[in-house]
Student: 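Have a look at this one before I ask anything.
Letters A, B, ... are given to chains in the order of the sequence lines, protein chains preceding strands, and every chain is numbered from 1. Given the structure is predicted, the values throughout are model-derived calculations rather than measurements.
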Amino acid sequence: MPTETRSTCDGVVQTRIDQPQLPEDIWQNISNYLSTEEWAKAAGTCKTTYRMPLKWARLGRHTPPEGWEFVLQRCARIVGMDIDLEGDAEDVSRAEELMKGFTMQATSGAQHRSSKAFASLKELRISWRFLTNCDAQHASHMALVNMALVCHSLEVLVLSCDLLAVLPAFGAIKHLVVEQPNMQAMSVGLRGLPVLQTLSLINSDRSDTYRCDKSWELALDRHMNLQHLHLQNLVLRSTTVGSACRVHASYAGRLGIQKNDPHEDFATWARSDLWRNVGPQLSSISVQDHDSIMGPFGFGTREAALMEMLSVDRELDYVSLNFYQIGTSHEPLVVSPSVSMGLVRARTLRLWCTKRCHVQVECGAPLAWVNFSLQSGGDIGLIFNGGFDFVRGLQDFEIACGAFCGPGCVELEQALAPLGRSIHRCRNNLQWSLNSFEQGHVPKEFCQLMLCGCCACLSCLRANGKLMQGSLLSREGQPA
Amino acid sequence: MRNIVLRANDGADHVISVAAASLCKTVASLLQDLEASKGEDTDPLIVPLPNVCNCTLQKVLGFCEQQRAFDELCTASPAAQQADLTRQIQAWQMEYMQVSTDELYHLVMAAHYLNVPRLLDLCTDAMAERIRGKSPAQVRECFGLKPSLSPEEEEEIRRSNLWALN
């Protein structure tokens with residue numbers, strides 16, 4: 001190894017000497033960030049790197065047989081494995097066979113007590129697309145069953161494929177994420193997972209979306225430990241959970257409906273009906289949709305179902321409504337004990353919308369709000385008809401406005417002033433847009449629109465009137 | 001409250017707050033042991049670090065102090081501002097990791113020795129970036145590592161890992 005010079009932070013030039021080897025746990029941390037191929041390429045650096053057991057392995061459809069073998073020889077202490085088999089049918093089919101062989105070797109080693117392969121595996125992620133006809137003889141099916149035999153410590157299973165028939169083999173898992181679930185298989189598969197704590201189902205299998213005659217039900221009555229339930233873009237009629245459960249529930253996205261497509265006409269479906277049977281078990285509700293939510297009267301079935309759910313008198317830890325638009329000046333979203341007790345008794349209320357937000361609060365004292373966040377890309381019309389008694393309990397509050405903040409915001413600010421607090425009212429549009437875009441709450445076009453202006457709420461406009469140009473306010477031609 | 005003094009291998013002393021020191025698990029456990037044996041005391045705790053040079057120690061302490069400040073901000077900020085903060089932290093970390101390979105080597109060794117998990121993760125991520133795509137010889141050259149394998153062993157490993165080298 002040739003010696004060379006280096007400059008230190010002090011600016012002193014020193015002769016470089018060969019460094020001692022890095023300890024094994026540092027190498028192990030480094031290997032966690034690399035794919036199996038990348039790590040295998042560098043593994044000949046020293047004895048430690050070559051012999052070191054892996055903690056994380058990342059295998060893909062292009063990984064050759066030697067790569068699977070490389071992992072198998074180093075999997076005694078492995079805690080996580082990520083298998084990405086996205087790609088064309090030929091590659092995937094070859095990779096499935098490799099995976100089957102890989103798991104068979106692991107199983108055989110475990111049976112003969114000669115190996116502890118995957119004994120410490122806690123997290124398994126398998127990404128698969130276009131997988132059909134996955135019967136019990138299918139290579140991938142057999143591979144997963146083999147994995148279930150040796151992965152006694154597995155807690156987290158993430159599947160983006162239709163391999164739900166193998167779920168009962170993983171009876172001890174606590175956290176399950178399934179992308180593109182086939183709801184029929186899902187309902188059966190879940191029965192074998194009694195200790196489940198987190199269930200996340202994302203994007204119905206496409207074949208489900210065309211079965212208009214079917215209405216799947218998600219029955220989780222036997223899952224007494226269930227705490228978090230996240231549903232996103234599902235074709236699902238209803239959900240039930242055990243009566244003893246308290247569940248943090250969230251629904252994101254719409255039903256994936258193209259209303260002009262006769263095959264996907266779910267217009268009569270009430271999405272929020274999903275939660276109707278869950279009722280008192282809900283401790284939080286989070287709904288995200290690119291549609292609008294209006295006041296208590298005169299809007300679609302889906303919003304009616306949501307408002308019906310929010311009208312139930314129960315304590316909620318967290319309510320988050322993220323819509324394209326919340327209410328209109330004629331038909332605001334009403335917060336009152338008679339219409340929306342769920343909103344009144346929510347400890348954290350988060351209302352986010354892309355366009356404009358009109359909220360009418362009809363009560364003062366019963367409001368249980370501790371955290372209140374209202375963010376709107378357009379105007380905010382906030383009306384408090386019930387007084388401001390609730391502000392004493394308010395700890396975190398934030399109003400971010402993309403355009404015009406109505407007088408309600410000023411009144412709230414005045415109510416907070418005697419308590420020595422001020423509202424976070426005027427945030428920079430640029431930051432708000434970036435946040436919203438990154439979190440997928442608003443379309444890209446909207447963010448571009450926002451990025452061309454700066455905050456245009458009244459106080460900013462007073463401070464620097466020229467910022468109005470290019471903002472939503474001037475675009476829509478409304479007076480400041 | 002007890003002062004904590006970290007002494008670099010060239011004798012330079014650095015006083016750090018208890019909160020920042022708690023990010024260094026090695027120092028935190030020393031402090032805990034000392035308090036368990038001697039009870040509450042106000043004498044400064046001097047921790048000699050024979051393996052850490054002054055400039056690396058300064059860099060590590062800069063990380064600890066900044067992370068402590070970020071932690072306080074995260075606790076005090078409402079949930080809606082957490083995304084902004086995360087972005088700020090990431091930007092700061094990216095700036096912090098603009099170091100030479102030699103400095104990175106010393107930093108990762110110090111983070112390991114002092115047991116600062118967050119700094120260790122940051123450094124190993126940066127090292128993985130620099131290792132990606134390199135052959136064993138290039139990795140050794142990059143970090144100035146002493147070769148520990150005989151030419152025969154190297155050849156044997158090269159042959160068994162040929163699939164990854166091509």
Student: May I ask you to test the A:Glu66-B:Asn161 pair for a side-chain heavy-atom distance under 4.5 Å?
Tutor: no
Student: More than 12 heavy atoms of other residues, nucleotides or ligands under 6.0 Å from NZ of A:Lys55: is that the case?
Tutor: no
Student: Atom CG in B:Leu120, atom CG in A:Asn29: separation rounded to 0.5 Å?
Tutor: 5.0 Å
Student: At a heavy-atom separation under 4.5 Å, does B:Glu153 approach chain A through its side chain, its backbone, both, or neither?
Tutor: side chain
Student: In Å and rounded to the nearest 0.5 Å, what is the CZ to CD1 distance from A:Arg51 to B:Ile157?
Tutor: 7.5 Å
Student: Please identify, among B:Val108, B:Val139, B:Leu165, B:Asp125, the residue contributing the most non-hydrogen atom pairs under 4.5 Å to chain A.
Tutor: B:Asp125
Student: Do you know which two heavy atoms are closest between B:Pro136 and A:Lys41, and how far apart they sit?
Tutor: CD-O, 3.1 Å
Student: Pick one of side chain, backbone, both or neither for A:Asp25, based on which atoms fall under 4.5 Å of a heavy atom in chain B.
Tutor: side chain
Student: At a 4.5 Å cut-off on heavy atoms, which part of A:Glu38 comes close to chain B: side chain, backbone, both, or neither?
Tutor: side chain
Student: Quick check on B:Arg68: does its CZ atom have over 12 non-hydrogen neighbours (other residues, nucleotides or ligands) under 6.0 Å away?
Tutor: yes
Student: Would a 4.5 Å heavy-atom cut-off, applied to side chains only, mark B:His112 and A:Leu22 as touching?
Tutor: no
Student: Counting heavy atoms not belonging to A:Glu24, are there more than 12 under 6.0 Å from its CD?
Tutor: yes
Student: Taking all heavy atoms of B:Trp163 and all of A:Gly67, pick out the closest pair and write down the distance.
Tutor: CH2-CA, 3.3 Å
Student: Please tell me if the side chains of B:Ile131 and A:Trp27 come closer than 4.5 Å, counting only heavy atoms from C-beta onward.
Tutor: yes
Student: Rounded to the nearest 0.5 Å, what separates atom CG in B:Asp121 from atom CD1 in A:Ile30?
Tutor: 11.5 Å
Student: What closest approach, in Å, do B:Thr124 and A:Ile26 show between heavy atoms, and which atom pair accounts for it?
Tutor: CG2-O, 3.8 Å
Student: Between B:Arg132 (side chain only) and A:Tyr33 (backbone N and O only), is there a donor and an acceptor less than 3.5 Å apart?
Tutor: yes
Student: Minimum heavy-atom separation for A:Gly44 and B:Arg140, please, with both atom names.
Tutor: O-NH1, 3.4 Å
Student: Side chain, backbone, both or neither: which part of A:Asn371 has a non-hydrogen atom closer than 4.5 Å to chain B?
Tutor: neither
